[in-house]
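For this chain, numbers begin at 1 and follow the sequence in order.
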Amino acid sequence: MDNSTCPLCTSNETNHFHRDRQRDYRRCAKCWLVFVDSSQHLSADAEKAIYDLHQNHSNDAGYLNFLSRLALPLTGLLPPGSEGLDYGCGPGPAIASMLEEYGHRVKLYDPIYANHPAHLQQQYDFITCTEVIEHFREPGREFGRLFGLIRPGGWLGIMTKLVIDADAFSRWHYKNDPTHIAFFSRPTLTWLAEHYDCAIEFIGGDVIILQRNRHRRSN
């Protein structure tokens with residue numbers, strides 16, 4: 001894929017959005033994704049070295065409170081005993097533990113910390129992606145996989161900070177993490193919902209829940 005091609009919708013209508021000392025950022029004119037030039041992505045080893053420094057533990061009260069902003073509304077939508085997948089769970093799958101406490105069954109997948117390909121061979125009632133999608137090198141491919149793993153009527157719960165505008169982006173701490181390479185906004189996620197025929201709800205500033213429709217469009 002050309003460096004100027006949008007990695008979400010594959011449009012070639014992308015434009016310069018921002019430049020800082022480390023990286024260049026482009027924005028797609030079709031789906032509004034802001035993304036880092038692929039030539040400026042970290043190597044897999046350098047990326048993992050940064051993830052290994054994260055201190056997100058399942059017994060950290062502050063972290064659990066942070067995750068509850070997705071876990072609680074999602075649990076309110078799920079039938080008892082639902083089966084889910086924590087996609088990009090990291091080394092400490094805290095939200096999976098929280099949802100299991102509510103009586104749901106949760107499998108884990110992470111390409112680095114829980115590389116279980118067998119868990120990608122079935123469908124689920126729900127999938128959680130907490131602070132994950134901003135790391136997607138190929139978001140179009142990743143979302144295609146995710147929605148293929150969700151049963152009709154099932155749910156995708158996302159946590160990620162959202163782009164507001166170019167001025168706010170220039171001062172945004174979130175972009176300074178070198179592992180963050182794809183930045184979403186409300187218009188981007190609305191495009192995603194329309195593309196995959198989903199209902200979407202924005203909860204607060206960084207929680208998004210999508211429901212895959214029971215009947216897929218014929219086109």
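Considering all non-hydrogen atoms of both residues, Phe17 and Ala166 come closest at CZ-CA, 3.6 Å. Nearest approach of Asn213 to Ala199, heavy atoms of both residues: OD1-N, 3.8 Å. Of all heavy-atom pairs spanning Asp86 and Cys89, the tightest one is OD2-CB, 3.3 Å. What you find for Pro117 and Tyr109 is that their closest heavy atoms are N-CE1, 4.4 Å. When all heavy atoms are compared, the tightest approach of His119 to Leu108 is ND1-O, 2.8 Å. Between Glu131 and Thr160, the shortest heavy-atom contact is OE2-CA, 3.8 Å.
Both Leu162 and Ile158 belong to a single network of hydrophobic side chains, linked directly or stepwise wherever heavy atoms of I, L, V, M, F, W or Y lie under 4.5 Å apart. In the hydrophobic cluster analysis, where Ile, Leu, Val, Met, Phe, Trp and Tyr join through side-chain heavy atoms closer than 4.5 angstrom, Leu8 is grouped together with Leu146. Leu42 and Tyr51 are members of different hydrophobic clusters when ILVMFWY side chains are connected at heavy-atom separations under 4.5 Å. Under a hydrophobic clustering in which Ile, Leu, Val, Met, Phe, Trp and Tyr are joined whenever their side-chain heavy atoms come within less than 4.5 Å, directly or via other members, Tyr63 and Leu72 fall into different clusters. Under a hydrophobic clustering in which Ile, Leu, Val, Met, Phe, Trp and Tyr are joined whenever their side-chain heavy atoms come within less than 4.5 Å, directly or via other members, Ile200 and Tyr87 fall into the same cluster.
Between the side chain of Gln123 and the backbone N or O of Gly148, at least one donor-acceptor pair lies under 3.5 Å. A donor-acceptor pair under 3.5 Å is absent between the side-chain atoms of Glu142 and the main chain of Ile133, judged by distance alone. With hydrogens and angles ignored, the 3.5 Å screen pairs a side-chain donor or acceptor of Tyr196 with a backbone N or O of Gly144. Judged purely by atom type and a 3.5 angstrom limit, Arg212 has no side-chain atom pairing as donor or acceptor with the backbone of Gly154. A donor-acceptor pair under 3.5 Å is absent between the side-chain atoms of Glu83 and the main chain of Asp125, judged by distance alone.
Atom CD1 of Ile164 is surrounded by 12 or fewer heavy atoms from other residues, nucleotides or ligands within 6.0 Å.
A salt bridge (Lys or Arg N to Asp or Glu O under 4.0 Å) check over residues 31-48, counting only residues at least two apart or in different chains, returns the pairs Glu47-Arg137, Lys48-Asp52.
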(request) Assess whether side chain to side chain contact (heavy atoms under 4.5 Å, CB included) is satisfied between Met98 and Thr75, documenting all intermediate values. (result) CA-CA 10 Å; Met98 295 174 71; Thr75 297; over 6 Å; no

(request) Using the side chain to side chain contact (heavy atoms under 4.5 Å, CB included) rule, take Glu134 and Lys161 through it: C-alpha gap first, then chi angles, then the decisive distance, then the call. (result) CA-CA 9 Å; Glu134 63 273 10; Lys161 305 294 184 187; over 6 Å; no

(message) For a side chain to side chain contact (heavy atoms under 4.5 Å, CB included) check, start with the C-alpha distance between Phe126 and Ile209, then their side-chain angles and the critical distance, and finish with the verdict.
(response) CA-CA 10 Å; Phe126 68 92; Ile209 297 179; over 6 Å; no

(request) Would you please test Asp110 and Val132 for side chain to side chain contact (heavy atoms under 4.5 Å, CB included) and show each step? (result) CA-CA 10 Å; Asp110 189 291; Val132 171; over 6 Å; no

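Centroid-to-centroid, the aromatic rings of Phe169 and His18 come within less than 6.0 Å. Between Phe143 and His195, the ring centre distance reaches or exceeds 6.0 Å.
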Identify each donor-acceptor pair in which a side-chain atom of residues 25-36 lies under 3.5 Å from a protein atom, sequence neighbours left out, and give them as a table.
unit_1, atom_1, unit_2, atom_2, d
Tyr25, OH, Asp20, OD2, 2.8
Tyr25, OH, Arg23, NE, 3.3
Tyr25, OH, Arg23, NH2, 3.4
Arg26, NE, Thr14, OG1, 3.0
Arg26, NH2, Thr14, O, 2.8
Arg26, NH2, Thr14, OG1, 3.4

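Using a 30° and 60° split on the angle between ring planes, Tyr174 and His180 fall in the tilted class, from 30° to 60°.
Summarising the geometry, atom CD1 belonging to Ile203 is positioned 9.0 Å from atom CD1 belonging to Ile208; distances are rounded to the nearest 0.5 Å. To the nearest 0.5 Å, the span separating CD on Glu138 from CD1 on Ile181 amounts to 9.5 Å. Distance check, rounded to the nearest 0.5 Å: CG of Leu70 to CG of Leu99 gives 7.5 Å. With rounding to the nearest 0.5 Å, the separation of OG1 in Thr128 from CH2 in Trp155 is 15.0 Å. With values rounded to the nearest 0.5 angstrom, Cys129 atom SG is found 8.0 Å from Leu85 atom CG. Here OG of Ser82 is found 8.5 Å from CG of Leu74. Values are rounded to the nearest 0.5 Å.
Ile150 is not listed as a side-chain neighbour of Leu210, based on a closest heavy-atom distance of 4.5 Å or more. At least one side-chain heavy atom of Leu189 sits less than 4.5 Å from a side-chain heavy atom of Phe202. No side-chain heavy atom of Ile127 sits less than 4.5 Å from a side-chain heavy atom of Phe147.
In this structure, Arg105 has no side chain to side chain donor-acceptor pair (under 3.5 Å) partners at least two apart in sequence or on a different chain.
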